[in-house]
Amino acid sequence: MSTEATPATDAHDDHGHGAPDAPAAGHGHAHPKWLAHHFDTPAQQFDTAKLGMWAFLIQELLFFSGLFVCYGIYRSWYPHMFVESSHQLNKLMGGANTIVLLFSSLTAALAVRSSQTGNKQATSRFLIITMLCACAFLVIKFFEYRHKFETGCLPGPYFHPHELSHGATLPGNAHIFYSIYFMMTGVHGVHVLIGIGVIFWVWRRNERGDFSKEYFTPVDLVALYWHLVDLVWIYLFPLLYLI
Amino acid sequence: MILAPETFQLPRSMSAEAPSGDALYMDIYWFSLVFLVLITGAMLYFVVKYRRKKGVRPERTRDLTKLEIFWTITPLIFLVIIFHVSFETYVKNATAAEGAMEIRVRGKKWSWEFEYPNGSREAKELTLPVNKPVKFILSSDDVIHSFFVREFRVKRDAVPGQYSYIAVTPTELGDAQIFCAEFCGTSHSDMLGTVHVVTDEQFRKHLDEMDKMPEVCGDTGKEQCTPALWGRTLFVKNGCPTCHSVDGSKGNAPSLKGVFGTLQPLTQGPDVMADENYVRESILRPQAKIVKGFTNTQMPLFVFKDPQTDALIAYVKSLK
Amino acid sequence: MAAVTTPHTGHHEPDPTESYLGGETGIKSWIFTLDHKRIGVMYLISVTIAFLMGGVFALLVRTEHLSHGRTIMDADTYNRMFSLHGVVMVFLFIIPSIPAAMGNIILPIQLGTKDVAFPRLNLMSLYIYIIGACFGLYSMVHGGVDTGWTFYTPYSSSDPAHGGVGTPAAVLPMTLAAFIMGFSSILTGVNFIATVHKMRAPGLTWRRLPLFIWALYATSIIQVLATPVLAITLLLLTMERFLGLGIFDPHLGGDPVLYQHFFWFYSHPAVYIMIVPGMGVVSEIIATFARREVVGYMFVAMSSLGLALVGFLVWGHHLFVAGMSEYAAMVFSALTFLVAIPSGVKVFNWVATLYKGSISLESPMLWGLGFIFLFTIGGLTGLFLGMLAVDVHLHDTYFVVAHFHYVMVGGTVMGFVGGLHYWWPKFTGKMYDEKMARVGFAFVFVGFNVTFLTQFVIGSRGMPRRYYNYLPEYELGHQISTIGSYLLGLGFFVLLVMFIQSLRNGKPAPRNPWGSAALEWQTPSPPPLYNFITDPIITRGPYDYHLATEAELDEGWAELDARLAAPKKAHVDHDKPHAHGTSLSGDDATAAKLDADAEAGKDTTADPDGKMDDADPDAKPEKKSDDSDDGEKD
Ligand code: HEA
Ligand code: HEA
Ligand code: CUA
Ligand SMILES: [Cu+2]
C-alpha cells in the first residue's frame with residue numbers, strides 16, 4: 001500500500017486515516033474518507049466486510065441450530081404432545097407475522113438497491129419501512145405472548161393451562177413445548193430487537209450522508225443480517241405453528 | 001516393575017471381564033511407549049547431532065510426499081487394529097449372560113442402595129456369589145452418579161429418569177471397592193461402598209439374615225445387638241452421617257442429637273412434636289414435613305422394612 | 001494511536017518509525033486503542049492474571065491432597081476450588097491465551113498488514129471478555145460454583161431454592177460469564193478469518209503463509225462453528241435454572257444426557273481451539289531454531305484444518321459410560337482414533353525438521369521440544385481413553401486428569417510460554433535473562449512431570465477425579481504429585497520475575513534476535529504503529545532460509561560463525577533497529593521476478609533442486625553436500 005496523500009475531511013467519521021496535511025478533498029478519490037487506514041482499496045474493504053458478515057451469519061445459524069436440535073429431539077420423543085400444544089398457538093397471528101417479516105426483508109433488499117444507485121431518500125424510506133415492520137412484528141408477538149401468559153401456557157413450573165381454545169386439554173409434559181417455544185421465539189425476538197437497533201443506526205448514517213454509490217457496505221450488511229432473521233422465522237413458523 | 005502395567009498400574013482384577021480390558025490396556029500401553037521412545041529418541045539424537053556448528057549449514061527442506069504418506073497410513077493401520085479389538089471386547093463385556101441375577105442399584109446423595117432379587121435392601125455393602133453372572137440395573141433418585149467397581153473394571157452412570165445396565169461376573173473371592181465416579185455434590189468422595197464376593201453358600205445365608213436383627217453388631221461387630229445398636233449400624237451403612245451429625249453440630253441437615261421428644265420448627269405449618277410417628281415419617285417420606293432452615297438440601301428417599309425402621313427410631317431415641 | 005483515538009484532530013499520519021508502545025501514552029490511549037498490538041497486550045495481561053489465579057486454585061487443590069481426610073479446607077470449599085480452577089483455566093485463560101493474546105499481536109504482522117480486518121470488533125471482543133470475566137468474579141465473590149467446569153445437569157440446573165436436587169452455589173453468574181466470553185471468542189474468530197482471507201500483503205500466497213497463521217485460521221473456524229452451540233447450551237441451562245425450562249432436567253421431563261451431548265459438541269472442538277494454536281507456535285519455533293522449513297509444510301498446514309474438521313465428530317467419547325448405544329459408541333471411538341492422525345503428522349514432521357537442521361537450544365526452543373515430548377504423552381494417553389473397553393475403567397479417574405493436563409499444560413501452556421519467550425523481544429523490545437529462563441524451564445518441566453506422571457498411576461489404579469477425600473492407599477501418590485506441583489509453581493514464579501525484570505531493565509532487543517527468516521522479524525522491535533516502516537512485498541516464504549539475505553537474518557552466516565566460535569557473546573550488539581527495509585527481499589529485481597512467479601501461481605519455495613539459489617544474488621552459497629543423501633530421505 002502506498003502512502004501518498006490521502007483526502008480527509010472534517011466530517012471524518014472513520015478512524016484516523018489520512019496523510020500528513022492532507023487537504024480536505026472531495027469524495028471519489030482513490031482514498032476516500034470512509035476507507036479505513038489498513039485497507040488498500042475500497043473493493044478490499046467491501047469484500048472483507050462481507051466475508052466477515054458471512055462468517056458471523058454462519059455463527060448465528062449454529063446458535064439457532066442448538067434450538068432446532070432440541071425441537072427435533074423432543075418432537076420425535078413426544079409427537080402427540082407437540083401436535084396438541086402446537087394447536088394452542090395462534091396461526092393467524094403467526095401467519096401475519098410471517099408476511100410482515102417477508103415484506104420487511106423485501107424492503108431491506110430494496111434499501112440496498114437504492115443505496116447502490118445513490119438514492120439517499122429512497123434508502124431512508126425503505127429502512128424506515130423495514131423498522132416499522134419489525135416493530136409491527138414485535139407488537140403482534142406481544143399479543144401472542146400475552147395470551148399465553150393469560151392461559152398459563154408457560155414453561156416449567158409456571159405451566160397451568162386453563163381456558164384453552166376449543167376446550168382442549170394438554171398433556172402433562174406440554175410445558176416442554178412451551179419451553180422450546182418461548183426459547184426459540186424469545187431468542188428470535190431479541191434478534192429482531194437488535195435488528196431494529198442497527199437498522200436505526202444505519203438509517204441515521206444514511207441521513208447524515210455517509211453513503212454513496214461507492215460506499216454502502218453498512219446498508220448491505222444490515223440487510224444480510226435482516227434476511228437471516230427473516231430466514232430463521234421462515235423455519236420457526238411452520239415448525240411451531242403448522243405441523 | 002514400575003513400567004509393568006499388570007503389577008504397578010492396575011488394581012487387582014476380580015471379574016471375568018477384567019482380564020480382556022487389562023490386556024487391551026497393556027497393548028496400548030506398550031504401543032504408546034514404543035512410539036514415545038522412538039519419537040523422543042529421534043528428537044534428542046537430532047538435537048545433539050545437528051547442534052548449530054561453525055560453517056555447517058542446515059539442509060534445505062525438500063518435498064517428501066512419500067514419507068508423508070507413509071506416516072499418515074502406518075498409524076492409521078495400527079489404529080484400525082486397535083479399534084477393532086477394543087470394540088469387540090467392549091461389546092462382549094457389555095452383554096449380560098443368560099439368567100444373570102438382577103441387582104437394582106440406586107444412587108442417591110450420597111450412598112448406594114442395593115436391592116436383591118428377593119426384595120431385600122442393603123446400603124453401601126453388596127454381597128455377591130462368586131462365578132454367577134450379575135446384571136446391575138442402575139438408577140438415580142436425584143442427580144447423576146456413576147457406579148464404579150474398581151476391581152471389576154466396570155463403570156456406568158446412574159442417570160435420573162432412566163435405567164442403565166452393567167453386566168459382570170465376579171470370579172475371585174474377596175472385597176472390591178465401589179466408588180461414585182460422577183460429581184454429585186458435597187460428599188461425592190464419600191459415596192463409597194464395598195462388594196463382598198463370597199461363596200454361594202455364604203451368599204444364601206446372607207440373604208436369609210439380612211432383614212433380621214443380627215446376633216452381634218456395633219463398632220467391633222462383636223457386641224450383643226440391641227435395636228438401638230442395630231439402628232446405629234444401619235444409620236452408618238445407609239450414609240445418614242454424610243448429612244446428619246449426632247453430636248449437635250449443624251451441617252446441611254439437622255443434627256439428630258436431642259431431636260426425639262422435642263418440638264421441631266417446620267418451614268410450613270406449626271411446630272411438631274418429634275415422636276415415633278414423626279421420625280418414621282421423616283425417614284420414609286422426608287419431604288412431608290421439612291424442618292425450618294433446611295430447604296437447601298433434600299433428604300433422599302429410603303426404603304426400610306419395619307424391623308429396620310424400628311431400629312432406626314430406637315437409635316434416634318437414644319441420641320440424647 | 002493518536003489518529004485513531006482522536007479522529008477529528010488527528011490529521012497527521014503517525015510517525016512511521018515510532019514504536020507502537022511509544023506515541024500516545026496514558027490510560028486512554030490504551031483502553032480506546034484500535035491497534036491490534038495494544039489490544040493483544042491487554043489480552044496478554046488479562047490471560048496471564050487468569051492463569052495465575054487458576055494456578056493458585058490448582059495449588060490449593062493440590063495442597064488439600066497432601067494428606068487424606070481434611071488438610072486445609074472442607075469438602076464444599078474443595079469442590080469450589082477445583083471447579084473454579086477448571087472454569088478459570090478453560091474459559092478465562094486457555095481459550096483466549098494464544099489466539100486472542102498472542103495471535104492478535106503477531107497475526108497482522110505475519111500477514112504484512114497494518115491491522116486486523118475489523119479493529120473495532122477486536123476491541124469489542126476484549127471488552128466482552130472483560131465483562132464476562134467480571135461475571136465470573138461476581139460468582140466467585142458469591143461463593144463460586146461447585147459443578148466442575150462441565151456444568152452437568154441436573155446438578156447445575158436444578159435449584160434447591162425452588163425445590164430442586166442440584167447445587168445451591170452461584171451457578172447463574174458463572175454460566176452467564178462463560179456465555180458472554182463465548183462471544184468474545186467468536187468475534188476474534190470472525191476477525192481472523194476475514195483478515196487471513198483478505199488482508200495478506202502482496203505476494204503472500206496461501207502456500208507462503210506461516211504455519212502459525214494456518215493454525216490460527218483453523219482455530220478461527222472452530223471458534224465460529226462450535227462456540228455458538230455452547231452459547232445456546234449455556235443459555236438453555238441458565239434459563240432452566242432460572243425459570244425451570246425442563247429441557248435438561250429429568251424431574252421436569254428433560255434429558256440430562258442431551259445436555260452432555262450439547263456441551264461436548266462444543267467442548268471437544270474446543271480442545272482443538274486450545275491445542276492447534278500451540279502447535280502453530282511450535283512450528284514457528286522449530287523452523288527458526290533449526291533454521292529450516294518445517295518438513296511437509298503443506299501436510300502440517302492441512303493437518304490443522306484436518307483437526308478442526310474431524311474434531312467436530314468425536315464429542316461422544318466423553319459419554320462412553322453415560323448411556324449411549326453400543327453403535328454410537330463404536331462410531332465415536334473410531335472417529336476418535338482418526339484425530340490422532342493429523343496430530344501424528346505434525347509430531348513426525350517436527351522431528352523430521354530437526355534432521356540435518358542447524359539447531360540452537362535457546363530458551364524458546366526448549367519449550368518447543370518440551371511441547372513435542374509432553375504433547376506426545378498426552379495425545380497417546382488420549383488413545384487409551386478413546387478405546388471403549390479401556391475407557392470404561394479409566395473414565396473420570398485421575399488418568400483423565402493427567403491426560404488433559406499433559407495436553408493442556410504440557411501442550412498449550414508450553415506453547416504459550418514458549419511463544420512468549422520467542423516473541424517477547426518483538427512485543428516489548430526488551431531481552432530477558434536467558435539463564436533465568438533456563439532455570440524456570442527446568443523447574444516447570446521437572447515439576448510438571450512429577451505432578452502428572454504420578455496421576456496417571458493413581459488414576460489407572462482407580463483414584464476417581466473430583467474427590468475431596470481419598471482412600472489411604474492413594475496417599476503417597478497424591479503427596480508426590482503435590483510436591484511436583486510446588487516445583488511447577490516455583491518454575492512459573494521464576495519466569496514471572498524474569499519477565500518483570502526484563503520489562504524494567506532488560507537489554508534492548510535487536511530486530512531479529514534469533515536470526516529468523518520470518519516476516520515479523522523484519523520489522524523493528526517493537527514494531528511501529530502500522531507494523532512496518534514501508535509496506536512489505538512478499539517474495540519468498542517465511543522459512544526460506546536459502547533465499548533470505550544476510551540483512552534479513554540480521555547476522556549473516558559469517559557473523560554467525562564468528563559468534564559460535566566465540567561463544568557466550570550476547571547477541572544484542574547486532575542491534576540496528578531501523579536500518580533495514582521491511583521487504584522480505586533485499587533486492588528489487590529479484591523481488592519483481594519472484595513476484596511475477598508468484599502471480600503466475602508458480603511456487604518459488606518448491607524449487608526442487610535449489611537452482612533458485614543461483615538466481616538470488618543475495619542468497620548465500622549453501623549446502624556443502626546437497627545430493628549425498630538424497631536416497632535415504634525419499
Ligand atoms: C489450561 C488448563 C489448565 C491448566 C493450565 C491447569 C494447571 C494445573 N492443574 Fe488443572 N485442571 C484443568 C485445567 C487446567 N489445569 C481442568 C479443566 C480441570 C478439571 C476441573 C473439573 O474437574 O471440573 C483441572 C483439574 C485439576 C485437578 C483435579 C481436581 C480433581 O479432580 O479433584 C488437579 C489436581 O491435581 C489439577 C492440578 C493442576 C496443577 C497443579 C496445575 C499447574 O500446572 C498450575 C501451575 C500454575 C501455577 C502454580 C500458578 C503460577 C505461579 C504463581 C502464581 C507464582 C507463585 C506460586 C508459587 C511460588 C508456588 N487440575
Ligand atoms: C488441549 C486439549 C486436549 C487435546 C489436544 C486432547 C486430545 C485428545 N484427547 Fe482429550 N481431553 C481433554 C483435552 C484434550 N484432549 C480434556 C480437557 C478432557 C477431559 C474433560 C473433562 O471431562 O473434564 C479430555 C478427555 C478425553 C477423553 C474422555 C475421557 C473420559 O472422560 O473418559 C478422551 C476419550 O477418548 C480423550 C481422547 C483424546 C484423543 C484421542 C486426543 C487426540 O487428539 C490426541 C492425538 C495425539 C496423539 C495421538 C499424539 C501424537 C501422535 C503420534 C506421536 C503419532 C503416533 C500415534 C499413533 C500411531 C496413533 N480425551
Ligand atoms: Cu454420587 Cu458422586
Ligand atoms: Cu474430547
Side-chain angles (χ1 to χ4, degrees), chain A residues 1-3 6 8 10-22 24 36-40 44-45 47-56 58-67 69-70 73-74 77-78 81 154-159 172-173 175-176 178-180 182-183 186-187, chain C residues 1-8 10-14 16 34 108 113-121 162 186-187 189-191 193-195 197-199 202 220 223-233 235-236 239-240 243-247 249 252-255 258 262 265 530 534-535:
Chain A
M1 173 176 171
S2 68
T3 44
T6 314
D10 274 325
H12 208 294
D13 126 276
D14 230 295
H15 42 107
H17 182 64
D21 312 309
H37 72 92
H38 56 297
F39 291 110
D40 292 337
Q44 185 194 21
Q45 177 168 355
D47 289 350
T48 311
K50 201 112 184 208
L51 180 73
M53 193 66 198
W54 277 110
F56 184 77
I58 291 173
Q59 179 280 128
E60 288 283 342
L61 273 185
L62 278 141
F63 186 74
F64 279 103
S65 73
L67 291 169
V69 170
C70 274
I73 287 175
Y74 279 98
W77 282 345
Y78 310 117
M81 179 270 274
L154 291 171
Y158 308 99
F159 180 68
N173 56 359
H175 64 91
I176 294 183
Y178 293 102
S179 293
I180 292 176
F182 275 101
M183 278 310 285
V187 171
Chain C
M1 191 167 174
V4 169
T5 49
T6 52
H8 291 276
H11 279 312
H12 53 84
E13 189 87 348
L34 294 177
T113 175
K114 289 180 175 170
D115 208 322
V116 290
F118 314 115
R120 274 185 264 198
L121 209 60
H162 305 133
I186 293 170
L187 294 186
V190 167
N191 216 336
I193 289 180
T195 311
H197 269 277
K198 301 291 180 189
M199 307 288 288
S220 303
Q223 283 174 313
V224 168
L225 294 183
T227 320
V229 179
L230 176 74
I232 193 68
T233 309
L235 190 65
L236 284 169
M239 296 314 266
E240 179 150 328
L243 296 174
L245 282 195
I247 291 179
D249 186 344
L252 298 167
D255 180 8
L258 182 65
F262 273 28
F265 182 81
Y530 286 166
T534 55
D535 296 319

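Chain letters run A, B, ... following the sequence lines, proteins first, then strands; residues in each count from 1.
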Identify which part of [X] has an atom lying under 4.5 Å from any heavy atom of chain A, answering side chain, backbone, both or neither.
X: C/Thr233; result: neither
X: C/Asp255; result: both
X: C/Leu252; result: both
X: C/Met199; result: both

| task | Would you please test A/Met183 and C/Leu235 for side chain to side chain contact (heavy atoms under 4.5 Å, CB included) and show each step? | result | CA-CA 9 Å; A/Met183 278 310 285; C/Leu235 190 65; 3.9 Å; yes
[X] to [Y] - nearest heavy-atom pair and separation:
X: C/Leu225; Y: A/Ile58; result: CD2-CG2, 3.5 Å
X: A/Gly52; Y: C/Val190; result: O-CG1, 3.4 Å
X: A/Ile180; Y: C/Ile247; result: CG1-CD1, 3.8 Å
X: C/Leu245; Y: A/His175; result: O-ND1, 4.0 Å

Once rounded to the nearest 0.5 Å, what's the spacing between atom [atom1] of [X] and atom [atom2] of [Y]?
X: C/Leu230; Y: A/Leu62; atom1: CG; atom2: CG; result: 12.5 Å
X: A/Leu67; Y: C/Ile232; atom1: CG; atom2: CD1; result: 3.5 Å
X: A/Phe39; Y: C/Asp115; atom1: CZ; atom2: CG; result: 9.0 Å
X: A/Gln59; Y: C/Leu187; atom1: CD; atom2: CG; result: 8.0 Å
X: A/Phe63; Y: C/Thr227; atom1: CZ; atom2: OG1; result: 11.5 Å
X: C/Leu236; Y: A/Ser179; atom1: CG; atom2: OG; result: 9.5 Å

| message | Using the rule given for side chain to side chain contact (heavy atoms under 4.5 Å, CB included), can you reason through A/Val69 versus C/Phe262, listing the C-alpha separation, both sets of side-chain angles and the distance that settles it, and then say yes or no? | response | CA-CA 10 Å; A/Val69 170; C/Phe262 273 28; 3.7 Å; yes
Segment of [X] engaging chain C (4.5 angstrom heavy-atom cut-off):
X: A/Ile73; answer: side chain
X: A/Trp54; answer: neither
X: A/Asn173; answer: neither
X: A/Tyr178; answer: neither
X: A/Tyr158; answer: side chain
X: A/Tyr74; answer: side chain

| field | Residue among A/Thr48, A/Val187, A/Asp47 with most heavy-atom pairs under 4.5 Å to chain C | value | A/Thr48
| field | Side-chain donor/acceptor of A/Gln44 to backbone N/O of C/Lys198, under 3.5 Å | value | yes
| query | Any donor-acceptor pair under 3.5 Å linking the side chain of A/His38 with the backbone of C/Val116? | reply | yes
